Amino acid sequence: MNRNEFIDYLLEKGQCNRFDENQIDAIEQFCFALYDNTDLDKSTNKIAELENELEIERMRLAACGVVANANTRETAKEQRIMSEDYKSASLNDVIRAVDSEIEYRERVAELEKQVEFEIGKKSIAREQRNKVTKRNSELEDELTESVEVDAFILSGIEDLKEALSQKDTEIAELVGFLNHLVDHECISDCSLHREATTLLAKALEGEK
C-alpha cells in the first residue's frame with residue numbers, strides 16, 4: 001500500500017479529515033514499518049517462541065495431573081521422571097500433596113492392622129475366658145457331685161456306727177446275762193461258761 005492508497009483507505013473509512021498532512025505521513029510510516037521484513041521476521045520468531053512457551057505450560061499442567069493421579073510409591077516414582085522443562089513450582093506443590101496423601105494412607109493402613117491385631121487378641125482372650133468359665137462350671141459340678149457322694153458315704157458310716165453300737169449293746173447285754181447266770185449258779189459248767197464267753201469275745205472283736 002502506497003501513500004495515495006493509504007489516503008484513499010482513510011477517505012473510504014471517513015477518517016482522513018481528522019488528520020493533517022504531517023499526521024498522515026506519520027501514520028503512513030508507522031503502517032509501512034509493520035510490513036518491514038525484519039520486523040515481520042521478529043514477529044514470526046516471537047510468535048513461535050510464545051507458542052513454544054505455551055506448549056511447555058500445557059505440558060507442565062499435564063504433568064501436574066499425571067503426578068496427582070500417581071498416588072502410590074511405585075507409580076509416583078515412575079511418573080515423576082520427566083524433562084526439567086515440564087517441572088514447575090505448581091508441580092512441586094502437587095508432589096508434596098501426593099506425598100502427604102501416601103503417608104496418611106500408609107499410617108491409616110498401619111492403624112487398621114493394629115486395630116485388627118487388638119481385636120484378634122480380644123477374641124482369643126474371650127475364647128480363653130469362655131473355656132475357663134466352662135471348666136470352672138465343670139469343676140463346680142464335679143465338686144457338688146463329690147460332696148453328695150461324701151455325704152452319702154458319711155451317712156453310711158454313721159449308719160454302720162449305729163449298727164455296730166447296737167451290736168455292742170446286744171453283746172454286752174448277752175455277756176451280762178451270762179454273767180448273771182453264772183453268778184446265780186444257773187450255769188455250773190465253767191468250761192461251758194468259758195466257751196460262751198470266748199465266742200462272745202470273738203464275735204465282739206469281729207464286729208469291731
Side-chain angles (χ1 to χ4, degrees), residues 1-140:
M1 180 183 294
N2 55 34
R3 185 174 187 278
N4 292 331
E5 290 175 343
F6 180 68
I7 292 174
D8 292 339
Y9 174 78
L10 292 178
L11 288 173
E12 180 182 352
K13 296 298 182 179
Q15 301 294 330
C16 186
N17 295 332
R18 294 178 56 187
F19 304 105
D20 57 24
E21 190 71 16
N22 292 331
Q23 289 175 328
I24 291 175
D25 289 339
I27 293 171
E28 180 184 9
Q29 292 176 4
F30 174 76
C31 292
F32 288 153
L34 293 177
Y35 292 96
D36 184 79
N37 291 334
T38 302
D39 292 339
L40 182 61
D41 291 339
K42 289 180 180 180
S43 299
T44 303
N45 293 337
K46 186 63 176 178
I47 291 172
E49 180 181 348
L50 292 174
E51 287 179 345
N52 184 58
E53 290 180 1
L54 179 60
E55 182 63 22
I56 290 175
E57 291 302 324
R58 287 174 179 171
M59 293 302 297
R60 286 176 176 175
L61 179 61
C64 290
V66 171
V67 171
N69 291 326
N71 58 354
T72 64
R73 296 284 183 187
E74 295 75 14
T75 57
K77 184 177 180 180
E78 294 174 359
Q79 298 300 333
R80 293 178 187 182
I81 300 175
M82 64 184 70
S83 172
E84 293 295 326
D85 293 338
Y86 302 149
K87 295 181 179 180
S88 63
S90 297
L91 180 62
N92 292 334
D93 293 338
V94 172
I95 289 175
R96 283 192 292 271
V98 171
D99 288 343
S100 297
E101 177 188 352
I102 294 174
E103 181 181 353
Y104 291 148
R105 189 169 59 249
E106 290 175 347
R107 289 174 61 186
V108 168
E110 183 64 26
L111 290 174
E112 287 177 347
K113 289 181 180 179
Q114 293 179 6
V115 170
E116 291 178 357
F117 178 73
E118 292 298 328
I119 292 175
K121 285 174 58 179
K122 290 182 178 179
S123 178
I124 293 173
R126 184 164 49 251
E127 291 178 0
Q128 292 178 345
R129 185 169 59 252
N130 292 337
K131 289 180 179 179
V132 171
T133 302
K134 182 179 179 182
R135 182 54 182 164
N136 288 339
S137 178
E138 292 174 352
L139 291 174
E140 288 178 357

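Just so it is clear, the values below take in all heavy atoms, side chains as well, and ignore hydrogens, waters and symmetry mates. As the structure is a computational prediction, the values presented were derived from the model and not from experiment.
Residues satisfying the side chain to side chain contact (heavy atoms under 4.5 Å, CB included) test with Glu78, not counting sequence neighbours, are none. By the side chain to side chain contact (heavy atoms under 4.5 Å, CB included) test, Asn92 is found to be paired with Ile95, Arg96, residues two or more places apart in sequence or in another chain being considered. The side chain to side chain contact (heavy atoms under 4.5 Å, CB included) check on Met59 picks up Glu55, Tyr86, with sequence neighbours excluded. Every side chain to side chain contact (heavy atoms under 4.5 Å, CB included) that Leu54 has, sequence neighbours left out, goes to Arg58.
Separating the CG atom in Asn71 from the OG atom in Ser100 is a distance of 12.5 Å, to the nearest 0.5 Å. With rounding to the nearest 0.5 angstrom, the CZ atom of Arg135 is 11.5 Å from the CD atom of Glu140. With rounding to the nearest 0.5 Å, the separation of CD1 in Ile47 from CG in Asn52 is 13.5 Å. Summarising the geometry, atom CD belonging to Gln79 is positioned 9.5 Å from atom OG1 belonging to Thr72; distances are rounded to the nearest 0.5 Å.
Listed by first then second residue, pairs satisfying salt bridge (Lys or Arg N to Asp or Glu O under 4.0 Å) with a partner in residues 97-106 read Arg73-Glu106, Arg80-Asp99, Glu101-Arg105, not counting sequence neighbours. Judged as a side-chain hydrogen bond (donor to acceptor under 3.5 Å, both in side chains), not a single pair has a partner in residues 110-124 (not counting sequence neighbours).
Remark: side-chain polar atoms of Thr133 are paired, donor with acceptor, to backbone N or O of Arg129 under 3.5 angstrom. Remark: the backbone N or O of Arg126 is paired with a side-chain donor or acceptor of Asn130 at under 3.5 angstrom.
Counting heavy atoms from C-beta on, the side chains of Met82 and Val66 never come closer than 4.5 Å.
Shown here for Val67 and Leu91, the closest heavy-atom pair between the two residues is CG2-CD1, 3.6 Å. Residues Ala76 and Ala70 come closest through the heavy atom pair CB-O, 3.6 Å.
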